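To find a chain, count down the sequence lines: A is the first, B the second, and so on, and within it residues start at 1. Predicted, not measured: the structure shown is a model, and the values here were computed from it.
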2 protein chains.
Amino acid sequence: MKRLTVSQVAKASNVNIETVRYYERRGLISAPPRTHSGYRMYANEAVDDIQFIKRAQDLGFSLEEIKHLLCVYKKEDYFPIEEMSQFAAVKIQEIEEKIHQLNNFKSLLESAISRQESDLPKNQCPIIKKLSESGDL
Amino acid sequence: MKRLTVSQVAKASNVNIETVRYYERRGLISAPPRTHSGYRMYANEAVDDIQFIKRAQDLGFSLEEIKHLLCVYKKEDYFPIEEMSQFAAVKIQEIEEKIHQLNNFKSLLESAISRQESDLPKNQCPIIKKLSESGDL
DNA sequence: ATTGACTCTGTACCTTGGTACAGGGTTTAT
DNA sequence: ATAAACCCTGTACCAAGGTACAGAGTCAAT
């Protein structure tokens with residue numbers, strides 16, 4: 001199994017080389033084995049892990065949260081099982097709420113586009129009207 | 001129509017009082033009218049606007065993006081129509097992608113809970129297995 | 001008319017999540 | 001054997017999004 005240098009990992013996962021080392025320092029990715037001269041040599045897995053981090057970040061999770069998420073992803077038991085289950089249950093709720101809100105934002109944006117296309121007066125736009133009334137936005 | 005002081009707005013929208021002024025400086029909320037002695041007096045609307053900002057932030061949007069989103073929300077024409085439609089179209093794509101990813105994370109977390117409950121060896125957990133194979137996580 | 005709880009502006013400081021050297025060693029290709 | 005292109009650690013710096021004063025004015029109640 002061929003191993004990767006830090007710059008290869010950085011390139012493959014499309015992040016800055018310093019970011020890879022930063023994630024190691026923050027305890028998000030585990031410290032890889034080193035060559036005799038101290039160079040980090042990563043398994044391909046590290047690239048997946050970093051991409052996982054980036055996706056989670058884009059969804060609004062903090063690095064501390066992602067530490068827990070990664071632990072689930074990699075099926076590790078760095079944190080006690082109790083804590084992990086508790087964490088998972090809470091995050092599922094939050095995710096459902098986020099999906100709900102994202103759908104609201106999507107409707108809002110769609111209404112903006114259709115408003116522009118049809119050039120209707122805004123108080124006659126049915127989507128906007130419905131959203132305003134429901135108090136969901 | 002009763003108007004609110006800055007601290008009342010802050011309290012009602014559950015943010016720091018300095019944050020309200022910060023959003024004004026950043027151009028996210030419009031500068032409210034002042035009393036004779038210079039005190040800001042807000043319409044109730046300001047609370048909605050701030051809550052909108054907070055929801056958008058929680059979904060991973062930056063304050064610059066939220067400036068545009070708010071403009072759609074409030075049906076203002078601060079930005080040219082062309083730019084807004086373009087913006088809306090791009091954001092709709094991003095939102096769909098985010099929803100997709102959130103569903104993936106949700107499945108991951110659900111699998112973690114069921115794994116713990118059933119205490120199955122992980123390679124026998126059908127949800128985890130499916131997710132790993134699809135390459136979606 | 002004075003005390004306490006507000007408000008104002010302006011500037012300084014903080015946290016998160018990086019990013020960029022400096023100063024030094026290593027590896028590879030010529 | 002020497003330059004180019006890596007890597008190391010450590011520390012400094014940066015941008016975004018706030019948060020916290022300081023110094024001064026205002027308002028409401030006693």
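Residue-environment remark: CD (A:E45) stays at or below the threshold of 12 foreign heavy atoms within 6.0 Å.
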Query raised in the report: When every nucleotide of nucleotides 15-25 of chain C is labelled 5' to 3' by its protein contacts under 4.0 Å (heavy atoms), B for base, S for sugar-phosphate only, - for none, what sequence of letters results?
Result: --BBSBB---B
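In this pair, B:H68 and B:F79 present their aromatic rings parallel. The plane angle is below 30°, not in the 30 to 60° band.
Pairs passing the side-chain hydrogen bond (donor to acceptor under 3.5 Å, both in side chains) check and including a residue from residues 10-22 of chain B, sequence neighbours excluded, read B:Y22-B:R26.
Within the structure, a side-chain polar atom (N or O) of A:T5 is placed less than 4.0 Å from OP1 or OP2 of D:dC7. An OP1 or OP2 oxygen of C:dT7 is reached within less than 4.0 angstrom by no side-chain nitrogen or oxygen of B:S37. Between B:R40 and C:dT9 there is a side-chain N or O to OP1 or OP2 distance below 4.0 Å. Taking only side-chain nitrogens and oxygens, B:H36 comes nearer than 4.0 Å to OP1 or OP2 of D:dC27.
Within 4.0 Å (heavy atoms only), A:S7 reaches sugar-phosphate atoms of the nucleic acid but no base atom.
Applying the ring pair (Phe, Tyr, Trp, His ring centres under 6.0 Å) criterion to B:Y42, with sequence neighbours excluded, gives no partner residue.
Inspection of the A:Q93 and A:E97 side chains reveals no N or O donor paired with an N or O acceptor under 3.5 Å.
For the pair B:K98 and B:F61, the cation-pi criterion (under 6.0 Å, within 45° of the ring axis) is fulfilled.
We find that NZ of B:K67 is positioned 11 Å from P of D:dG17, with the value rounded to whole Å. Separating the CD1 atom of B:I17 from the P atom of C:dC8 is a distance of 7 Å, rounded to the nearest angstrom. The CE atom of A:M41 sits 16 Å away from the P atom of C:dT26 (whole-angstrom rounding). Rounded to an integer number of Å, the gap from CD of A:E24 to P of D:dC7 is 14 Å.
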